[in-house]
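Quick caveat, the model's predicted, so the values are computed rather than measured. All values below were derived from every heavy atom in this structure, side-chain atoms included, with hydrogens, water molecules and symmetry-related copies excluded. Each chain gets a letter, A, B and so on, in the order its sequence line appears, and its residues count up from 1.
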Amino acid sequence: MTDFQPKSDFLATLIERGYVHQASDLAGLDALAAKGGVVAYVGYDCTAPSLHIGSLISIMMLAWLQRTGNKPIALMGGGTTRVGDPSGKDETRRILSIEDIEANKNGIQRVFSNLINFGNGTIDARMVDNAEWLAPLNYIEFLRDVGKHFSVNRMLAMDSAKLRLEREQELSFIEFNYMLLQSYDFVELARRYGCNLQMGGSDQWGNIVSGIDLGRRMGTHQLYALTCPLLTTASGAKMGKTASGAVWLNEDLLSAYEYWQYWRNTEDADVSRFLKLFTFLPMGEIVRLSALGGAEINEAKKVLATEATALVRGRAAAEAAADTARRAFELGETASSLPTVEIAAGEVDAGLGLLNAFLKAGLVSGTGEARRQIEGGGLKVNDNAVSDPRATLSRSDFNSDGAVKLSLGKKKHVLLKLV
RNA sequence: GGGAGAAUGUCCCGAGCGGCAAAGGGGGCGGACUGUAAAUCCGCUGGCUAAGCCUUCGUAGGUUCGAGUCCUACUUCUCCCA
């Protein structure tokens, strides 16, 4: 892959920035991309009300595709989610109701318009839902038209099924069918929209290639596959997980400030890779930032955080998050833009215990945890460590704006504000 | 259909002669060191109105002063035979 010299901007960019893990026919795809002839899709399951950063790479691939003169399609798995993809999963996922799937779909769709332009022009992106053609399918017809092209022997040999079988874990028939549906999606998109490339995470390789195969058997034009690596951090953790859960792309599930913080806390060894994958910064700038050593690399992390946040949440939100962080961490100020929780003045006057104050602020999950954190020196009120679990909050702890700063550890701060 | 085994702390894996809030590990959180990094070291990791009280070992009963541990039934999963 490294010795391939792409002629198209699309592949040149993707390869240079580290998006490419595996591809079915690089030369053929390159030729197509060089003349702006690629129509590529990525499918997204509707299993949660928002995508998280695990899906961000593939969205970036769609964005680059458009920026290099080709047409992206974002496919919502409104149909396939009713079945459940077994790829890379140990256990059967619970089957979601159709209402949940629809609600999730509505949440997921929102992110895309930040990164991709939708419309009716040749290069404008399309958003489609595979429920459109999967839901009305007739079982017998589907078996005759599509099912006959699949070999169970071959399907059993593919990783998604093989792993389950080897580990003697349940693989239900409904999941086993997922591959057929995803393959059929590819064919359907080829027929409807001239789609000729499917991209996705490396765990999707089997499903994608089997779609190419189905396309050939069902007489579509030549189809291509391109996968990106599944991301882990330099220290091996899966990306997108934090203490409080996934790193969501939607604002209502994770504030811009917290999203910015996620990127700010990137490990040194990941900075260069993430700048390439999760920003549109030109390579020259990335090379310069990546060369920063020691404490200076923090500058690069701030750029990464702001750029990555701007992509998904908008430039203004990203700048605001950066500013909040700068005040809180570098100037030691109590920035009024920190996450804020309101509290009734009467509650404070009645004598509010610190334990419960931290609980209200959402910094601890219970007073038990608050007690433990006090023992470990992890709780601070207005930057002063708390030592007495029986202490209470009083009016004098609040500043002139009627706010106290409660902190858990060095990074998590919440303002309690009187109302 | 017959036989054998398993289910443990609401993140996961996993020990547990009738005295158990229950070993150990991973993960996570906090502290120290740093640079809001990694690595390393230390502490914590059921809930609460907290020297006490309450609720936990698949479900429901039973034996016992006392049950995660013994008995019975049920549920689910795995394996072997058919």
Report the base-pairing partner of [N] (Watson-Crick or G-U wobble, both distances below 3.5 angstrom), or none.
| N | result |
| --- | --- |
| B/G43 | B/C29 |
| B/C79 | B/G3 |
| B/U63 | none |
| B/C17 | none |

Can you tell me which nucleotide in [options] comes closest to the side chain of [X]?
| X | options | value |
| --- | --- | --- |
| A/Asn356 | B/U36, B/U49, B/C33 | B/U49 |
| A/Arg371 | B/U34, B/U36, B/A50 | B/A50 |
| A/Lys411 | B/U36, B/A32, B/C29 | B/U36 |

Hey, would you say the A/His413 and A/Phe329 ring centroids sit under 6.0 Å apart?
->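 Yes, ring centres under 6.0 Å apart.
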Could you tell me the separation between the CG atom of A/Leu354 and the CZ atom of A/Arg390, rounded to the nearest 0.5 Å?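 Going from CG on A/Leu354 over to CZ on A/Arg390, the span is 12.0 Å.
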For [X], answer base if it contacts any base atom (sugar-phosphate contacts may also be present), sugar-phosphate if it contacts only those atoms, and nothing otherwise; contact means non-hydrogen atoms under 4.0 Å.
| X | value |
| --- | --- |
| A/Arg264 | base |
| A/Ile297 | base |
| A/Gly353 | nothing |
| A/Gly368 | base |
| A/Glu375 | nothing |

- Answer with yes or no whether A/Lys410 presents, from its side chain, a donor or acceptor under 3.5 Å of a partner atom in the base of B/U34.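 Checked by distance alone, the answer is yes.
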Handout entry: Side-chain donor/acceptor of A/Glu330 to base of B/U36, under 3.5 Å
Key =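 Looking at the base of B/U36, it does not pair with any donor or acceptor on the side chain of A/Glu330 (distance under 3.5 Å).
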Name the orientation class of the two ring planes belonging to A/Tyr44 and A/Phe112 (parallel below 30°, tilted from 30 to 60°, perpendicular beyond 60°).
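It falls in the perpendicular class, over 60°.
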When the distance from [atom1] of [X] to [atom2] of [N] is rounded to whole Å, what number comes out?
| X | N | atom1 | atom2 | value |
| --- | --- | --- | --- | --- |
| A/Arg390 | B/G52 | CZ | C1' | 14 Å |
| A/Phe329 | B/U34 | CZ | C1' | 15 Å |
| A/Phe358 | B/C29 | CZ | C1' | 14 Å |
| A/Asp268 | B/U36 | CG | P | 11 Å |
| A/Gln373 | B/C29 | CD | P | 10 Å |
| A/Arg326 | B/U36 | CZ | P | 15 Å |
| A/Lys412 | B/C29 | NZ | C1' | 7 Å |
| A/Ile374 | B/U45 | CD1 | C1' | 16 Å |

Pairwise [atom1] distance, [M] and [N] [rounded to whole Å]:
| N | M | atom1 | value |
| --- | --- | --- | --- |
| B/C29 | B/A51 | C1' | 26 Å |
| B/U8 | B/C57 | P | 11 Å |
| B/A39 | B/U56 | P | 39 Å |
| B/A6 | B/A15 | P | 11 Å |
| B/G26 | B/G14 | C1' | 10 Å |
| B/G46 | B/U10 | C1' | 10 Å |
| B/A67 | B/C54 | P | 14 Å |
| B/U49 | B/G43 | C1' | 27 Å |

Counting only side-chain N and O atoms of A/Arg372, is one of them less than 4.0 Å from OP1 or OP2 of B/G47?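 Checking A/Arg372 against B/G47: at least one side-chain N or O falls below 4.0 Å of OP1 or OP2.
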**Request:** Answer yes or no: does a side-chain N or O of A/Thr367 lie under 4.0 Å from OP1 or OP2 of B/C48?
**Result:**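 It does, given that an N or O in the side chain of A/Thr367 lies less than 4.0 Å from OP1 or OP2 of B/C48.
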Taking the nucleotide of RNA chain B with the closest heavy atom to each, which residue, A/Asn265 or A/Gly376, is nearer the 5' end?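 It is A/Gly376, whose closest nucleotide lies nearer the 5' terminus.
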ask   = Do the charged groups of A/Arg372 and A/Glu375 touch, with an N to O distance under 4.0 Å?
value =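 No, no charged N to carboxylate O under 4.0 Å.
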**OP:** State plainly whether the residues A/Arg110 and A/Asp252 are in salt-bridge range, i.e. N to O under 4.0 Å.
**Re:**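 A salt bridge links A/Arg110 with A/Asp252.
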Within a strict 4.5 Å, meaning less than it, do heavy atoms of the A/Val404 and A/Asn399 side chains meet?
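No; the side chains remain at least 4.5 Å from each other.
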Item checked: Nearest atoms (heavy-atom pairs only) where A/Ala225 meets A/Ile208 ->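 Minimum heavy-atom contact is CB-CG2, 3.3 Å.
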- Query: Which glycosidic conformation, syn or anti, is assigned to B/C12 if syn requires a torsion within 90° of zero?
  - Reply: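 For B/C12, whose glycosidic angle is more than 90° from 0, the conformation is anti.
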